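Shown next, in structure tokens, is the structure this report addresses.
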Amino acid sequence: MKESKIQSDFYKWFNAEYAEFRFVLFSVPNEMLFLSMLPKALQFRIMSMLKAMGMSSGVADMFFSVPRGTFHGLYIEFKTATGRQSDKQKRFEEKVKEQHYAYIVCRSSEEAKEQIIKYLAL
């Protein structure tokens, strides 16, 4: 299963189960799949603009901006069963944990569901 499918399945479930939090869980658009459909010159201009606006590789796929326990919020990274975090993703994880944010890597929508339930119970 692709990471995007895992993430979209989780997000659909989350919005159905936790409507009161629907505006505080959001995707971080750090993966621009649609760019490959555009001419190279336009891809370069768009990527340059997005980077100038703060887009950064390594940032987690989603952010849940609700504090729980000792955490200020929760970052969620989606990976396939065999997917691995890049060095930039590992560095991002390390830095946000230093700032008292929770960070999880989920390999299925079911795992993401279980983790968000645990996080909300803190």
Side-chain angles (χ1 to χ4, degrees):
M1 182 176 280
K2 290 184 176 182
E3 291 172 9
S4 58
K5 175 75 169 129
I6 296 168
Q7 182 174 337
S8 61
D9 286 351
F10 165 73
Y11 189 68
K12 182 179 177 182
W13 169 85
F14 182 88
N15 280 330
E17 293 295 317
Y18 296 101
E20 70 272 24
F21 292 121
R22 76 176 306 148
F23 296 110
V24 293
L25 173 72
F26 52 88
S27 173
V28 177
N30 57 359
E31 190 175 322
M32 299 292 156
L33 298 175
F34 72 91
L35 285 180
S36 62
M37 296 180 264
L38 301 174
K40 291 283 184 200
L42 187 54
Q43 287 179 30
F44 179 77
R45 287 196 339 228
I46 291 171
M47 285 303 295
S48 295
M49 180 185 70
L50 292 171
K51 286 180 181 180
M53 293 170 58
M55 187 180 79
S56 207
S57 61
V59 175
D61 295 315
M62 297 191 95
F63 181 62
F64 187 42
S65 59
V66 172
R68 283 293 187 268
T70 61
F71 300 112
H72 302 305
L74 171 66
Y75 285 95
I76 307 169
E77 178 65 32
F78 292 91
K79 292 290 178 195
T80 62
T82 58
R84 296 188 183 274
Q85 284 182 286
S86 70
D87 289 339
K88 286 183 179 181
Q89 289 171 329
K90 290 176 185 176
R91 181 87 170 129
F92 178 81
E93 176 182 2
E94 174 187 314
K95 289 299 178 186
V96 298
K97 284 181 172 180
E98 287 174 5
Q99 299 301 316
H100 306 285
Y101 287 89
Y103 183 103
I104 56 174
V105 176
C106 297
R107 299 184 179 282
S108 70
S109 58
E110 291 303 317
E111 181 180 5
K113 293 172 190 179
E114 292 169 9
Q115 291 296 323
I116 203 85
I117 290 167
K118 286 180 185 177
Y119 180 78
L120 284 168
L122 292 176

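Since we're looking at a predicted model, the values are computed, not measured. Computed over heavy atoms, backbone and side chain alike; hydrogens, waters and symmetry mates excluded.
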Evaluation steps, side chain to side chain contact (heavy atoms under 4.5 Å, CB included), between Met62 and Phe78: CA-CA 9 Å; Met62 297 191 95; Phe78 292 91; 3.6 Å; yes
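- Using a 4.5 Å heavy-atom cutoff, the side chains of Val66 and Phe21 are in contact.
- Salt bridge present: Glu93 and Lys97 bring a charged side-chain N and a carboxylate O closer than 4.0 Å.
- Val105 has its side chain within reach of Arg107: a pair of non-hydrogen atoms, C-beta onward, lies under 4.5 Å apart.
- Counting heavy atoms from C-beta outward, Ile116 and Trp13 have side chains that approach closer than 4.5 Å.
- Looking only at side-chain heavy atoms (C-beta outward), Leu38 and Ile46 come within less than 4.5 Å of each other.
- Of the N and O atoms on the side chains of Gln85 and Glu77, not one donor lies less than 3.5 Å from an acceptor on the other residue.
- Counting heavy atoms from C-beta outward, Phe10 and Ile76 have side chains that approach closer than 4.5 Å.
- Leu120 and Phe23 fall into different hydrophobic clusters, defined by Ile, Leu, Val, Met, Phe, Trp and Tyr side-chain heavy atoms under 4.5 Å apart, directly or through other members.
- Note on ring orientation: taking the six-membered ring where Trp is involved, the planes of His100 and His72 are perpendicular (angle over 60°, cut-offs 30° and 60°).
- No chain of hydrophobic side-chain contacts below 4.5 Å, direct or via other Ile, Leu, Val, Met, Phe, Trp or Tyr residues, connects Val28 to Met53.
- Atom NZ of Lys113 is separated from atom OG of Ser108 by 8.5 Å, given to the nearest 0.5 angstrom.
- The distance from atom CZ of Arg91 to atom OG of Ser57, rounded to the nearest 0.5 Å, is 13.0 Å.
- For Met49, the CE atom sits in a packed shell: over 12 heavy atoms of surrounding residues, nucleotides or ligands are nearer than 6.0 Å.
- A donor-acceptor pair under 3.5 Å is absent between the side-chain atoms of Gln89 and the main chain of Gly58, judged by distance alone.
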Which is it for Phe14 and Phe64 under the side chain to side chain contact (heavy atoms under 4.5 Å, CB included) test, yes or no, and what are the steps along the way? CA-CA 11 Å; Phe14 182 88; Phe64 187 42; 3.6 Å; yes
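- Residues Asn15 and Leu25 fail the side-chain proximity criterion, which asks for heavy atoms closer than 4.5 Å.
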Decide side chain to side chain contact (heavy atoms under 4.5 Å, CB included) for Cys106 and Gln115; before the verdict, give the C-alpha distance in whole Å, the side-chain angles of both, and the deciding distance to 0.1 Å. CA-CA 8 Å; Cys106 297; Gln115 291 296 323; 4.2 Å; yes
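- Defined by atom type and a distance below 3.5 Å, a donor-acceptor pair is missing between the side-chain atoms of Gln7 and Lys12.
- For Tyr101 and Phe71, the gap between ring centers reaches or exceeds 6.0 Å.
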Run Phe26 and Ser65 through side chain to side chain contact (heavy atoms under 4.5 Å, CB included) and show every step you take. CA-CA 9 Å; Phe26 52 88; Ser65 59; 4.3 Å; yes
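- In this structure, the side chain of Arg84 does not engage the main chain of Lys79 through any donor-acceptor pair within 3.5 Å.
- Tyr119 and Ile117 fall within the same hydrophobic cluster, defined by Ile, Leu, Val, Met, Phe, Trp and Tyr side-chain heavy atoms under 4.5 Å apart, directly or through other members.
- Note that CZ of Phe63 and OG of Ser27 are 13.0 Å apart. Values are rounded to the nearest 0.5 Å.
- Salt bridge present: Asp9 and Lys5 bring a charged side-chain N and a carboxylate O closer than 4.0 Å.
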